[in-house]
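Notes for the one structure printed next.
When a residue number appears, it is its place in the shown sequence, counting from 1.
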Amino acid sequence: KQKYTQSNGRRPFGLSSLIIGFDYDGSPHLYQTDPSGTYHEWKANTIGRSAKTVREFLEKHYTDEVAASDKETIKLALKALLEVVQSGAKNMEGAVMRRKQPLQMLESEEIEKYITEIEKEREEEAEKKKQKK
């Protein structure tokens, strides 16, 4: 079986991808494939430039409570991207996948709204820390 995947044209070399989908029972799944042909299941992940920084953020802040809410999940993804993107919503794209619905791209205005909310929360947290000192 190994020989099949090592011959020419059987799998894309040098390509990592994230594959998302749902089981018949509605449970979501996220898989990452890598150039060697292996795959891993994740609850949250990223690939590409600065992936390590974003992945570490997701590992630190992901909880099942956050994942239970669409809004909180979107905010977590955007917060993770803000760790490596400087210019806010201008250089971000996002999409939401829900069971039995087509993939929904987030509009830039919606992303900007979330980022404004995230920045406001960060300011409030910083203010609380100042008051404690």
Side-chain angles (χ1 to χ4, degrees):
K1 300 291 180 200
Q2 182 70 16
K3 186 177 178 185
Y4 177 78
T5 62
Q6 288 181 336
S7 57
N8 211 6
R10 300 290 186 216
R11 71 171 179 233
F13 291 96
L15 176 72
S16 279
S17 60
L18 294 175
I19 303 167
I20 55 177
F22 295 89
D23 272 346
Y24 293 109
D25 66 358
S27 58
H29 293 277
L30 169 67
Y31 293 95
Q32 174 192 356
T33 65
D34 60 34
S36 69
T38 61
Y39 63 93
H40 307 279
E41 185 172 10
W42 296 84
K43 291 187 177 188
N45 198 10
T46 182
I47 56 175
R49 187 178 344 142
S50 303
K52 184 178 182 216
T53 304
V54 176
R55 188 176 303 112
E56 287 170 355
F57 181 90
L58 290 170
E59 287 172 354
K60 188 175 182 181
H61 294 92
Y62 178 92
T63 63
D64 289 335
E65 292 79 32
V66 168
S69 160
D70 277 0
K71 182 178 179 180
E72 292 303 314
T73 303
I74 293 168
K75 282 172 56 176
L76 175 65
L78 293 175
K79 285 178 188 178
L81 286 174
L82 284 170
E83 293 290 305
V84 296
V85 175
Q86 300 302 319
S87 58
K90 294 176 192 153
N91 290 330
M92 288 188 192
E93 289 183 338
V96 177
M97 184 174 201
R98 293 181 181 92
R99 185 171 184 236
K100 294 187 178 182
Q101 294 181 18
L103 186 71
Q104 174 197 353
M105 295 299 295
L106 298 175
E107 300 292 329
S108 58
E109 296 83 22
E110 188 175 2
I111 293 173
E112 191 63 53
K113 184 181 81 173
Y114 279 112
I115 289 177
T116 303
E117 189 175 325
I118 290 166
E119 289 171 348
K120 184 179 176 187
E121 288 174 3
R122 287 182 177 172
E123 288 171 7
E124 290 172 359
E125 286 176 24
E127 199 62 37
K128 286 179 184 178
K129 286 181 182 177
K130 278 185 183 178
Q131 290 176 357
K132 287 184 180 180
K133 290 182 179 181

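- Placement of Val84 and Leu18 in two distinct hydrophobic clusters is found when ILVMFWY residues are connected by side-chain heavy-atom separations under 4.5 Å, directly or transitively.
- Taking CG of Leu81 as the reference point, atom CD of Glu93 lies at 11.0 Å (rounded to 0.5 Å).
- No continuous path of hydrophobic side-chain contacts links Ile74 to Met97 [ILVMFWY only; heavy atoms under 4.5 Å].
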Which donor-acceptor pairs under 3.5 Å do side chains of residues 46-58 form with protein atoms, sequence neighbours excluded?
{"unit_1": "Arg55", "atom_1": "NE", "unit_2": "Asn45", "atom_2": "OD1", "d": "2.7"}
{"unit_1": "Arg55", "atom_1": "NH2", "unit_2": "Asn45", "atom_2": "OD1", "d": "3.4"}
{"unit_1": "Arg55", "atom_1": "NH2", "unit_2": "Thr46", "atom_2": "O", "d": "2.9"}

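- Tyr24 belongs to no hydrophobic cluster with other residues, because no ILVMFWY side-chain heavy atom falls under 4.5 Å from its own, directly or through intermediates.
- A distance of 11.5 Å separates CD in Glu41 from CD1 in Ile19, rounded to the nearest 0.5 Å.
- Atom NZ of Lys113 sits about 12.5 Å away from atom OG of Ser108, to the nearest 0.5 Å.
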request  = Quick one: do Asp64 and Tyr62 satisfy side-chain contact (heavy atoms from CB on, under 4.5 Å)? Show the steps, please.
outcome  = CA-CA 7 Å; Asp64 289 335; Tyr62 178 92; 3.9 Å; yes

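- Taking the six-membered ring where the residue is Trp, Tyr31 and His29 present parallel rings, their angle staying beneath 30° rather than reaching 60°.
- Ser16 and Gln32 get closest at one heavy-atom pair: OG-NE2, 4.5 Å.
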task = Assess whether side-chain contact (heavy atoms from CB on, under 4.5 Å) is satisfied between Leu76 and His61, documenting all intermediate values.
result = CA-CA 8 Å; Leu76 175 65; His61 294 92; 3.7 Å; yes

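- Nearest heavy atom pair, residue Met105 against residue Ala95, reads SD-CB, 3.6 Å.
- The side-chain hydrogen bond (donor to acceptor under 3.5 Å, both in side chains) contacts involving residues 68-81 comprise Asp70-Arg98, Lys71-Glu117, Lys75-Glu117, Lys75-Glu121, where partners must be two or more places apart or lie in separate chains.
- In this structure, Tyr39 OH and Asp34 CG are separated by 12.0 Å, a value rounded to the nearest 0.5 Å.
- Here the closest heavy-atom approach between residue Glu59 and residue Trp42 is recorded as OE2-CZ3, 4.4 Å.
- Here CG of Leu78 is found 5.0 Å from CD1 of Ile118. Values are rounded to the nearest 0.5 Å.
- Atom-to-atom distance recorded for Arg122:CZ and Lys120:NZ is 15.5 Å, nearest 0.5 angstrom.
- A distance-only check finds no donor-acceptor pair linking the side chain of Asp23 to the backbone of Asp25 [under 3.5 Å].
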inquiry  = Determine whether Phe22 and Lys100 satisfy the following criterion, side-chain contact (heavy atoms from CB on, under 4.5 Å), listing intermediate values before the conclusion.
reply    = CA-CA 9 Å; Phe22 295 89; Lys100 294 187 178 182; over 6 Å; no

task = Please report the C-alpha distance between Val96 and Gln101 in whole Å, then the side-chain angles of each, then the deciding distance to 0.1 Å, and finally whether the side-chain contact (heavy atoms from CB on, under 4.5 Å) criterion is met.
result = CA-CA 10 Å; Val96 177; Gln101 294 181 18; over 6 Å; no

